[in-house]
Amino acid sequence: MRSLWQKRQSVVFTWIVSYSVVLFVPWIISLVIYSQSSDALRSEITRANDSLLKQARYTIDTQIDLMKRLNMEITWNIKLQNLMYTTKSQGDAQFTAYQLTRDLLTYQTSYASIDEFYVMWEKEAAVLRAGNVRDLETAFATIHDTGAMTYDQWIDTIRHSESNQFLLLPRMDSASPQTAIAYLTHLPKDLNGRETGTVVVMADVSRFQKAIESISGFSGAQVLILNRENEVLLSNLPATVDQARLVQRLADGDGMMQDGDYELFSIPSSVSDLKYALVIPSRIYWEKAEYVRKFAYASIAISLLGAGVLTWFFVRRNYSPIQELVQAVSDKSANAERTYGNELSFIQRAISQERDEKESMALQLQIHQHALRSNMLNRLMKGRMDSPIPYEEAFRSFGMKLLSNRFAVILLVVENADPLSSGLPGIDGQGRTKLTQFIITNVVEELAGRRQHAGYVAEIDDMIVCLVNFADTEPARFQEDLYAIATEAQLFLLRFRTDLTISIGGVHESFSGIAEAYREAVDAMEYKMILGKREIITYDDIRIDPADNLQFGYYYPLQLEQQIINWIKAGEFDQASRSMDEIMRRNFNKPVGSLTLARCLIFNLVGTMVKAINEIGGGESSVLGGNPLWMDKIIACDTIQEMQRELFALLKEVCAFAEAKRDKNVSEERAASLRQLAARVIRHIEEEYGDASLGVNSIGEKFNLKGSYLSKLFKNETGEGLPDYINKFRIERAKGMIRDRQCSIGEIARLVGYNEAATFIRVFKKYEGVTPGKFKEMIGAECILEPTRGSIG
């Protein structure tokens with residue numbers, strides 16, 4: 001053991017521990033067999049005891065059911081109901097009681113297994129039995145006086161026990177005193193709330209003993225019968241058993257339980273609230289399983305002994321090859337074991353290190369080879385032919401096959417790499433770029449190979465470049481193959497939601513022509529600005545032939561620019577945008593022109609909006625001031641389409657600003673005009689108030705407006721309708737005339753524009769609350785009081 005502990009890090013110790021663990025397998029199997037056998041025996045014993053208990057329950061429930069049925073028949077007897085719940089004379093009641101006893105004789109004959117039953121009649125303090133009526137004391141002496149219970153205890157038990165309850169009562173018998181199981185049912189109270197009576201049905205305990213004895217004789221078990229209060233009605237437990245503890249355990253639930261040295265089984269009655277329990281000593285219960293337990297222990301001991309001998313033999317036999325292998329790997333095996341743990345761990349780490357070093361070297365070599373290959377392609381694209389070694393040899397060293405001396409260049413630009421990385425969380429920007437380049441490299445090179453050509457991809461100036469080396473086939477199909485490769489690459493990348501813009505250069509011969517092909521592809525890619533993204537642009541499409549006699553310049557006359565400025569100042573976005581769209585359509589929907597002129601046209605259109613804003617006024621504080629980077633956003637666009645969208649967005653804001661400013665100016669002018677109109681109307685009323693024809697219509701004709709419309713404008717400005725203002729002004733003038741007391745009421749009415757005095761009086765009262773005459777009297781009273789106040793003072 002000391003030697004093993006010293007070698008606890010050795011594989012020997014590990015094997016011994018492992019084999020020792022194997023020793024537990026037969027031990028566990030034996031335990032499982034023992035457990036399963038014990039469970040099977042226990043299940044069989046439990047099922048047998050359960051069958052016995054159910055058989056006893058069937059026998060006892062049959063007797064209990066007879067007791068309950070007799071109790072119910074007596075309770076619902078019509079004579080008993082009449083006796084208990086109808087008001088009769090004493091003579092009639094006695095006769096009814098006599099008739100009831102005759103019925104009880106019939107029940108006695110029908111229920112021969114019922115030993116005793118009677119009805120306690122509370123009103124008369126009597127007991128009704130089969131064939132006779134006795135007072136309570138006589139009935140007690142005849143039925144229950146065995147010495148086990150007093151008369152008072154009997155009365156208290158009968159009257160205060162719960163209804164439909166099973167309990168034990170003593171019973172007098174001709175042979176010897178008996179103990180009976182009684183079933184009590186209290187009759188409902190009468191209309192005055194008084195007790196009426198109790199029905200008692202009894203069966204001797206001896207009738208239940210046979211079922212109990214059959215179980216005890218078969219399995220050595222004891223039986224308990226409990227009522228719903230968990231009181232023992234019948235038991236054959238020995239006096240040495242703590243019956244109260246077992247009853248308390250049985251009260252916790254039904255089924256199988258264990259309590260100390262006893263196994264408990266209980267089931268409820270199927271016809272009543274009784275519970276039947278079976279108590280079996282554990283030694284009897286497990287007696288049949290003892291043999292299985294001993295056999296299991298013996299098998300475990302034999303298994304452990306045999307497995308221990310075999311473990312030691314195989315450990316010694318298998319360790320020798322491991323020692324030889326460790327010595328072959330390391331000259332100092334003891335130090336290796338101490339450093340690396342056991343021998344197998346040392347061997348594994350030694351092999352892993354060798355493999356990791358080999359893989360690291362291969363990876364570094366692959367990375368360097370890829371970098372060197374990209375550098376070589378970069379030099380070829382840039383036209384640097386001063387390579388230290390011939391390019392033919394360089395191609396062979398990198399595993400790049402040369403199929404012919406004809407080359408072309410395909411340039412690919414990724415427009416949106418974010419959708420590709422959104423499905424792969426955790427990838428940063430550099431990882432996304434590498435993943436995109438890896439996919440495009442494999443796709444493009446495979447597509448070129450499908451058409452018998454060779455494709456070699458590299459990254460140059462943040463663009464993905466594919467050098468295509470054509471096979472010796474028909475040169476007329478080279479451009480078609482290049483376009484097909486570009487088209488299929490675009491469609492395939494769409495599966496990854498990645499958009500490509502692709503440009504294709506011309507076909508050139510020899511290595512020196514690769515630089516020209518690359519330059520043509522770059523020139524074609526620049527025309528993405530005019531043709532848009534996600535397009536395939538070939539150099540032949542954008543090449544300008546001097547013989548084409550193209551017109552240099554763009555269409556944007558001065559009169560059209562002024563017209564657009566006027567539309568912008570008027571806030572007419574639809575008209576202005578339609579004109580700008582027409583200008584772009586006329587300039588860009590024609591053979592490809594100069595990129596410089598295209599940019600100039602865009603900036604000229606932007607300048608048009610700047611001119612319009614300056615003519616409107618307030619542009620720096622509202623539109624241009626709110627968009628400080630608007631020019632940078634337009635310049636940063638890659639294509640004409642993107643510039644056009646940004647330009648139209650700015651145009652929409654400028655037109656909205658112009659429209660708002662115009663509406664504000666119109667509102668101010670309208671307000672000033674309304675104020676002037678109201679002042680003129682007021683002056684006209686002050687001058688012509690005495691004219692009886694002065695009214696809304698006449699004033700409207702004066703100012704060339706409809707009367708109702710003029711009144712609405714006047715009310716919007718002054719807050720008062722035109723008719724009310726005329727009437728109030730006339731009344732004020734009339735009040736001044738009444739104070740002067742120069743004219744009569746009729747004359748004043750004509751002077752202020754009323755042809756009839758009645759109309760004047762009605763209008764005066766409407767606005768002043770009094771008639772003109774009353775107002776005149778009030779003025780006169782004030783004049784009389786003024787001298788009096790002066791004299792008093």
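For clarity, every value in this text was computed on a predicted model and none was experimentally measured.
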Under 4.5 Å between any side-chain heavy atoms of [X] and [Y], yes or no?
X: Leu710; Y: Leu677; result: yes
X: Asn442; Y: Glu446; result: no
X: Val444; Y: Ile464; result: no
X: Leu694; Y: Arg730; result: yes
X: Val681; Y: Tyr725; result: no
X: Asp190; Y: Met84; result: no
X: Lys189; Y: Glu195; result: yes
X: Ile439; Y: Thr498; result: no

Run Phe714 and Ile699 through side-chain contact (heavy atoms from CB on, under 4.5 Å) and show every step you take. CA-CA 11 Å; Phe714 187 85; Ile699 297 175; over 6 Å; no
Would you please name every residue forming a salt bridge (charged side-chain N to carboxylate O under 4.0 Å, His left out) with [X], sequence neighbours left out?
X: Glu459; result: none
X: Glu480; result: Arg477
X: Asp724; result: none
X: Asp581; result: none

So, taking the atom named [atom1] in [X] and the one named [atom2] in [Y], what distance separates them when rounded to the nearest 0.5 Å?
X: Lys774; Y: Ile761; atom1: NZ; atom2: CD1; value: 14.5 Å
X: Lys776; Y: Met737; atom1: NZ; atom2: CE; value: 13.0 Å
X: Leu493; Y: Ile502; atom1: CG; atom2: CD1; value: 8.0 Å
X: Ile682; Y: Leu722; atom1: CD1; atom2: CG; value: 9.5 Å
X: Cys466; Y: Leu411; atom1: SG; atom2: CG; value: 10.5 Å
X: Leu705; Y: Asn697; atom1: CG; atom2: CG; value: 12.0 Å

Who are the side chain to side chain donor-acceptor pair (under 3.5 Å) partners of Glu122, not counting sequence neighbours? Arg159
Is it true that a side-chain atom of [X] and a backbone atom of [Y] form a donor plus acceptor pair closer than 3.5 Å?
X: Glu520; Y: Gly506; value: yes
X: Ser163; Y: His186; value: yes
X: Thr487; Y: Tyr483; value: yes
X: Ser503; Y: Val522; value: no
X: Asn378; Y: Ser374; value: no

Can you tell me if [X] has over 12 outside heavy atoms packed within less than 6.0 Å of its [atom1]?
X: Gln81; atom1: CD; value: yes
X: Phe703; atom1: CZ; value: yes
X: Tyr767; atom1: OH; value: yes
X: Leu191; atom1: CG; value: no

Intermediate values then yes/no, side-chain contact (heavy atoms from CB on, under 4.5 Å), Leu500 and Val414: CA-CA 5 Å; Leu500 292 179; Val414 179; 3.7 Å; yes
Restricting to non-hydrogen atoms, name the atom on [X] and the atom on [Y] that form the minimum distance, rounded to 0.1 Å.
X: Ser693; Y: Ser698; value: O-OG, 3.3 Å
X: Val696; Y: Ser708; value: CG1-N, 4.1 Å
X: Ile745; Y: Pro772; value: CD1-CB, 3.7 Å
X: Ile485; Y: Ala448; value: CD1-CA, 3.7 Å
X: Ile504; Y: Ala486; value: CD1-CB, 4.1 Å
X: Ala517; Y: Val409; value: CB-CG2, 3.8 Å

Please test Thr608 against Ile565 for side-chain contact (heavy atoms from CB on, under 4.5 Å), starting from the C-alpha separation and ending with a verdict. CA-CA 7 Å; Thr608 299; Ile565 291 174; 3.7 Å; yes
Any salt bridge linking Glu732 with Lys735? Criterion: basic side-chain nitrogen under 4.0 Å from a carboxylate oxygen.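 Counted as a salt bridge, because a side-chain N and a carboxylate O are separated by less than 4.0 Å.
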Enumerate the residue pairs fulfilling salt bridge (charged side-chain N to carboxylate O under 4.0 Å, His left out) with a member in residues 693-702, sequence neighbours excluded, ordered by first and then second residue.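 Those involving residues 693-702 do not exist here.
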Relative to Tyr689, does Arg733 satisfy both conditions: NZ or CZ under 6.0 angstrom from the six-membered ring centre, and within 45 degrees of the ring's axis? yes
Plane angle bin for Phe760 and Tyr754 - parallel if under 30°, tilted between 30 and 60°, otherwise perpendicular: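 Tyr754 and Phe760: tilted rings.
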Where do Lys123 and Arg194 land on the side-chain contact (heavy atoms from CB on, under 4.5 Å) test, with the steps shown first? CA-CA 9 Å; Lys123 182 177 180 182; Arg194 292 175 300 192; 5.9 Å; no
